[in-house]
Asks: 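This is the structure I want to talk about, given as structure tokens.
Predicted model, so just to flag it, every value in this text is computed and none were measured. Numbered from 1 within each chain, the chains take letters A, B, ... in sequence-line order.
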Protein chains: 2
Amino acid sequence: MFSIVNAGRAVEQRLEEALAPVSLTLTKFGMLLHLVEAGEPLSLSECAKKMSCVRSNITQLMDRLEADGLVQRVEDPQDRRAIRAEVTPLGAERQAAGAKEVTKVQAELAKTLSGMDHATLQRALAAVK
Amino acid sequence: MFSIVNAGRAVEQRLEEALAPVSLTLTKFGMLLHLVEAGEPLSLSECAKKMSCVRSNITQLMDRLEADGLVQRVEDPQDRRAIRAEVTPLGAERQAAGAKEVTKVQAELAKTLSGMDHATLQRALAAVK
DNA sequence: CCTATATAGTTCATATATGAAACAAACTCG
DNA sequence: CGAGTTTGTTTCATATATGAACTATATAGG
């Protein structure tokens, strides 16, 4: 059981290290990825759902992303309560750079797990969730 | 790759939920477990090594464990710089209660993964580390 | 023996996470 | 329509984590 926890943390660590050179953390990269994939500004509540975390966490994350100039808070004309997060050009650029690093880690990991049955592994890990 | 990270987080979450009723977090339980297993007070640096974290983290963790009355800082007569963490009777009791909960989660997880080749899974997860 | 360095712990700034409480805006129902 | 509820965001207190800077002690070499 602790092998699963440790393996998860080890992969996280590797991703953090890979993203550090492009000045991103895994959390920031994940948020940017969701926003880029969505193709449109997402409300902070939607962001919280995508990131599987509570909303107050997103408030803080957006503060940091805005301070980095990667994201901008924009008002929602449809709902005056809502605030949407919009990726800036710099944010999109940074996300793309991060994606390259992540792909590298993925390739390394695939190599590490060569010889294993990926489908079986995938099924086992999915079952845990 | 993200399956591994997610699976790890999911297991962590389940452990946190299982430990909550005995007023422990996974971090606190882990620290108590190491101390109980050691069978003697450990210096805070040794604690950091066991927990695979930096020493400043242990300073804070011990502050919380001491506030909970689960651990006590004791001086080391051999080395006046060092401070050792000693489990209190309450701490030992709490650790034992936590261990029961952890065992339950382990059993559930084994059931979830029944039909899978545990050895293969174990090997794959170990390879990632 | 004294100086240089290493080790032990803490403090501080910061990142990430949660959950409770507060507040505004939107919505529902009688 | 207006009261009560839900939804969206923020603020605060707290837990967990890192790394740099600081202090005290130990230890090694000249």
Asks: Tell me which residues in residues 65-88 of chain A put a heavy atom below 4.0 Å from DNA chain C, sorted by number, or none.
Replies: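 A:D79, A:R80, A:R81, in order of number.
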Asks: Give the rounded distance in Å between these two atoms: CG of B:L61 and C1' of D:dA17.
Replies: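 Taking atom C1' of D:dA17 as the reference, CG of B:L61 is at 11 Å.
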Asks: Is it the case that atom CD in A:E108 sees more than 12 heavy atoms from other parts of the structure closer than 6.0 Å?
Replies: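 Atom CD in A:E108 is packed in, count exceeds 12.
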Asks: Within less than 4.0 Å of OP1 or OP2 of C:dT18, is there a side-chain N or O belonging to A:N57?
Replies: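 Affirmative; the distance criterion is met.
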Asks: Side chain of A:S45, heavy atoms from C-beta onward: which of D:dT9, C:dT16, D:dG19 has the nearest atom to it?
Replies: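 Nearest to the side chain of A:S45 among the choices is D:dT9.
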Asks: Without decimals, in angstroms, what is the distance between B:I58 CD1 and D:dT18 C1'?
Replies: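 Spelled out: CD1 on B:I58 to C1' on D:dT18 is 13 Å.
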Asks: What nucleic acid atoms does A:T59 come within less than 4.0 Å of, heavy atoms only: base, sugar-phosphate, or nothing?
Replies: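 A:T59: base contact, heavy atoms under 4.0 Å.
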Asks: Tell me the interatomic distance from A:E12, atom CD, to C:dA17, atom C1', rounded to whole angstroms.
Replies: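 Roughly 12 Å, once rounded to whole Å.
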Asks: Determine whether B:S3 and A:Q122 satisfy the following criterion, side-chain hydrogen bond (donor to acceptor under 3.5 Å, both in side chains), listing intermediate values before the conclusion.
Replies: CA-CA 7 Å; B:S3 306; A:Q122 189 75 35; 2.7 Å; yes
Asks: Taking for each residue the nucleotide of DNA chain C with the nearest heavy atom, is it B:K49 or B:D63 whose nucleotide lies nearer the 5' end?
Replies: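 Upstream on the strand: B:K49.
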Asks: So what is the end-to-end bend of the helix from C:dC1-D:dG30 to C:dG30-D:dC1, with 5 pairs used at each end and the value given to 10 degrees?
Replies: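 One end's axis against the other's: 10°.
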Asks: Provide, to the nearest angstrom, the distance between the CG atom belonging to A:L24 and the P atom belonging to C:dT16.
Replies: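 So the CG-P distance, A:L24 to C:dT16, works out to 10 Å.
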Asks: Rounding to a whole Å, what distance do you find between B:M62:CE and C:dA8:C1'?
Replies: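 Rounded to the whole Å, the gap is 14 Å.
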Asks: Need one value for A:T27: base, sugar-phosphate or nothing, where a base atom within 4.0 Å counts as base even if backbone is also close, heavy atoms only.
Replies: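 Since only primed, P, OP1 and OP2 atoms lie under 4.0 Å of A:T27, the category is sugar-phosphate.
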Asks: Could you tell me the separation between the CG atom of B:L26 and the C1' atom of D:dA17, rounded to a whole number of Å?
Replies: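 Distance, rounded to whole Å: 14 Å.
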Asks: Rounded off to whole Å, could you give me the CD-to-C1' distance for the B:Q60 and C:dA15 pair?
Replies: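 So the two atoms are 12 Å apart, to the nearest Å.
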Asks: Assess whether atom CD of B:E16 is packed by more than 12 heavy atoms of other residues, nucleotides or ligands within 6.0 Å.
Replies: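 Buried by this count: over 12 neighbours within 6.0 Å.
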Asks: Does a distance-only test, which skips hydrogens and angles, find a donor-acceptor pair under 3.5 Å between the side chain of A:S43 and the base of D:dG8?
Replies: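 Answer is no: no donor-acceptor pair is held.
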Asks: On DNA chain D, compare the nucleotides closest to A:R9 and A:E46; which residue's is nearer the 5' end?
Replies: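 Its nearest nucleotide lies further toward 5', so the answer is A:E46.
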Asks: Take A:F2 and B:L125 through the test side-chain contact (heavy atoms from CB on, under 4.5 Å) and record every step on the way to the result.
Replies: CA-CA 10 Å; A:F2 290 107; B:L125 294 174; over 6 Å; no
Asks: Given atom CD of A:E16 and atom P of C:dA17, what is their separation to the nearest angstrom?
Replies: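 For the pair A:E16 CD and C:dA17 P, the rounded distance is 9 Å.
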Asks: Run B:M31 and B:M62 through side-chain contact (heavy atoms from CB on, under 4.5 Å) and show every step you take.
Replies: CA-CA 9 Å; B:M31 191 67 259; B:M62 286 305 162; 3.8 Å; yes
Asks: Nearest of D:dT18, C:dT18, C:dT10 to any side-chain atom of B:L44?
Replies: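 For B:L44, the side-chain atoms sit closest to C:dT10.
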